[in-house]
2 protein chains.
Amino acid sequence: MARSLNARRPATLASLAAELGVSRTTVSNAYNRPDQLSPELRRRVLETARRLGYPGPDPVARSLRTRKAGAVGLLLTENLSYAFRDPAAIAFLEGLALACEDAGTGLMLVPASPEREDVAAVHRAGVDGFVVYSVPDDDPHLAAVLERPVPTVVCDQPEIGTVDRVGIDDRGAMGRMARHLIELGHRRIGVICMRLARDRNDSFVPVHRQHEAHFHVQRARLEALATEFTSAGVDWTGVPVVERFDHTIASGSTAAAQLLDRDPEITAIICTSDILGLGALAEAQRRGLRVPQDLTVTGFDGIPEAERLGLTTVRQPVLEKGRAAGRLLLDTVDPGRPRTVTLDTELIVGTSSGAPKPAAQQWYGP
Amino acid sequence: MARSLNARRPATLASLAAELGVSRTTVSNAYNRPDQLSPELRRRVLETARRLGYPGPDPVARSLRTRKAGAVGLLLTENLSYAFRDPAAIAFLEGLALACEDAGTGLMLVPASPEREDVAAVHRAGVDGFVVYSVPDDDPHLAAVLERPVPTVVCDQPEIGTVDRVGIDDRGAMGRMARHLIELGHRRIGVICMRLARDRNDSFVPVHRQHEAHFHVQRARLEALATEFTSAGVDWTGVPVVERFDHTIASGSTAAAQLLDRDPEITAIICTSDILGLGALAEAQRRGLRVPQDLTVTGFDGIPEAERLGLTTVRQPVLEKGRAAGRLLLDTVDPGRPRTVTLDTELIVGTSSGAPKPAAQQWYGP
DNA sequence: CTGAAAGCGCTAACAG
DNA sequence: CTGTTAGCGCTTTCAG
């Protein structure tokens, strides 16, 4: 029967127009420009739509026509399970989501795990722009994003001359941390850092790997430490640096263990993130080391739990980073020269850092 | 100049084909069906593409043609700022994101705050289906989703006969909690629940509002409490129930204060979420009430922080809910009758619940 | 292995 | 206020 044939294919704007005996424009206007037709006609259109089960203009067809997808893509290269367990990453996501919400724009998480080389998802994403959060400079997904003819903003890493960026002064911030520890008297230290490249190396990091790190943020932080401690007379090549691929508290613990096993004499463990710092703290406790009397531990990020535990750290405005990234992307008017937003950080001296036992400083002395 | 005109409009599949002197099909095949043309020709196509700056097939045009967007939409009605601060919501998101990642599908957060009545974002979303997480039964965004001709799965609430659903047995779970407290001897209790409707009512909840609650989950939990305590001889109409619109720890604290001010004699505060429970715990501490000696506090969800603090609660597999919702949506083959996944919960008796002071139970007596 | 034809469903000028 | 005209950029039978 005709009826069943009719009901078969869902109604389209054209079929609705035909049914009503008006043009497609009119139907389109009924949805998109209510002021362009009489209220009465509009009512009739909408009612007929309901009767025919027409769900309104197809979003994809509309996007094709208007060249606007109404969404931005987010590329996170961290494994999702780690990303959603890291308060800093979540706060970033929140900030970005807020910026999108303000603009009435969707936020699409693009499936791109570090393992999967499959870049197709980036090509398939119907978005008006991308935010890239902290990926290695040789990430294939990033390369795919950059090929797409849409605006992009990178948060933290890598630094790319041609696209907008938001980040912090990692070198400066870690430099201040280093000076804080140097002033306290620490000279024999160990470092725990996050993944430095796409290959897994859960072990000590030779100096050349530090310099060749594909994660600019980690590289900058390590270099800041190297610079400051070298100035303080420490031989950086002798400083043990341990790397962890997975960004978890457990990783921080095992890394701390590796460090303390190698050199039980270290007086401070500097971590490039709070998550790792939390792990180091746990390992110290497990070994019965008092913090900070026996061991100083520091982090980076300023996540609530770290601050609650008194971890000395660098607080960075993570939520603001997300929001700034979103704004930058959504404000893109003229593709002038790339903009950079650098947000401020703050050294938070908690209770996890203090003078090392043997080397009492003047102001701690008797 | 012709060249600049050429460079003006970005290359398309058609222009590439013209340049190469082959048909559009061939170019399309070079991207989508490599086995359909000679490797040599394919190489030539791809190289010319690079030279012309052709970024590959436009995803939106492709979606229109293939009728696949390669993404699912997520509708959260909680304000994003609250959603991203609630560990349970985050875990749900993680589970869903994992399911999407497994399927190589994008996950689009659709901007839909409870305040904004603007349903357009739902209409604009180019997605193959929707996951709806815990929204009121009269949510306009939900209505908009249901009008769209795509599969939908609802998590937790509301219960809709026509779409897939994943949830838990809220009534049963809260019933067990109630019996636990009744066995301990609690008869004079107070309750703190989440938002019951779209309007803000940060105050006591009359019984009729409990029954008319637009959030099925809250309604079920309250009804389970009412049933069990009534069976235990408690007059439910006399039990103070306080509602909070915002789902925050601070809300839990002020709600607990409201309860304790009204009736300082209550021996237990039952919260319908851990976040609220954490707030109640904080308020108890602020007042110098010992938990559980002076006051029993319970939660619901089983978020890590609650378990760490020993909050008696119902643990539900939140991440699994997200994953199940994603799977359900992505597995949709035949639109048979709606499926329901009900996940198990577990009563976790922590250190925040104990017998009330005056009414020593036999096994706690001398 | 390659090409021609036929739209997917919609919106945006621009006339009337 | 309404209709006509022209595609947006792509995939997909179906012949050759």
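Letters A, B, ... are given to chains in the order of the sequence lines, protein chains preceding strands, and every chain is numbered from 1. Values below: all heavy atoms of this structure, side chains included; hydrogens, waters and symmetry mates excluded. Computed from a predicted structure; not experimentally measured.
We find that CZ of A:R67 is positioned 18 Å from P of C:dG9, with the value rounded to whole Å. In this structure, CZ of A:R124 is placed 11 Å from P of D:dT11, rounded to the nearest angstrom. Put simply, NZ on A:K68 is 19 Å from C1' on C:dG9, counting in whole angstrom units. Rounding to whole angstrom units, CG of residue B:D35 and P of C:dC1 are separated by 8 Å. Rounded to whole Å, atom C1' of D:dC1 lies 14 Å from atom CD of A:E40. Rounded to whole angstrom, the span from the CZ atom of B:R44 across to the C1' atom of C:dT2 amounts to 13 Å.
In terms of heavy-atom proximity, A:A71 sits nearest to A:G126 at CB-O, 4.4 Å.
Atoms OG1 and CG, from B:T26 and B:L37 in turn, are 6.5 Å apart once rounded to the nearest 0.5 Å.
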Self-check item: CA sep, side-chain torsions, deciding dist, call: A:E47, A:R50, salt bridge (Lys or Arg N to Asp or Glu O under 4.0 Å)
Solution: CA-CA 5 Å; A:E47 190 202 294; A:R50 185 165 353 267; over 6 Å; no

Self-check item: salt bridge (Lys or Arg N to Asp or Glu O under 4.0 Å) evaluation trace for A:D58 with B:R67
Solution: CA-CA 10 Å; A:D58 178 292; B:R67 318 227 42 83; 3.1 Å; yes

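Within the 4.0 angstrom heavy-atom criterion, only backbone atoms of the sugar-phosphate kind lie near A:V22; the bases stay farther away. Nucleic acid contact for B:L64: base, since at least one base atom lies under 4.0 Å from a heavy atom of the residue.
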Quiz item: Taking protein heavy atoms under 4.0 Å as touching, what does nucleotides 10-16 of chain C look like 5' to 3' if B marks base contact, S marks sugar-phosphate-only contact and - marks none?
Solution: BBBB---

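Contact between the side-chain N/O atoms of B:S38 and the OP1/OP2 oxygens of C:dC1 is not found at any separation under 4.0 Å.
With a 6.0 Å radius and a threshold of 12 heavy atoms from other residues, nucleotides or ligands, A:R124 has its CZ atom at or below the threshold.
Remark: A:R62 engages no residue in a salt bridge (Lys or Arg N to Asp or Glu O under 4.0 Å) (not counting sequence neighbours).
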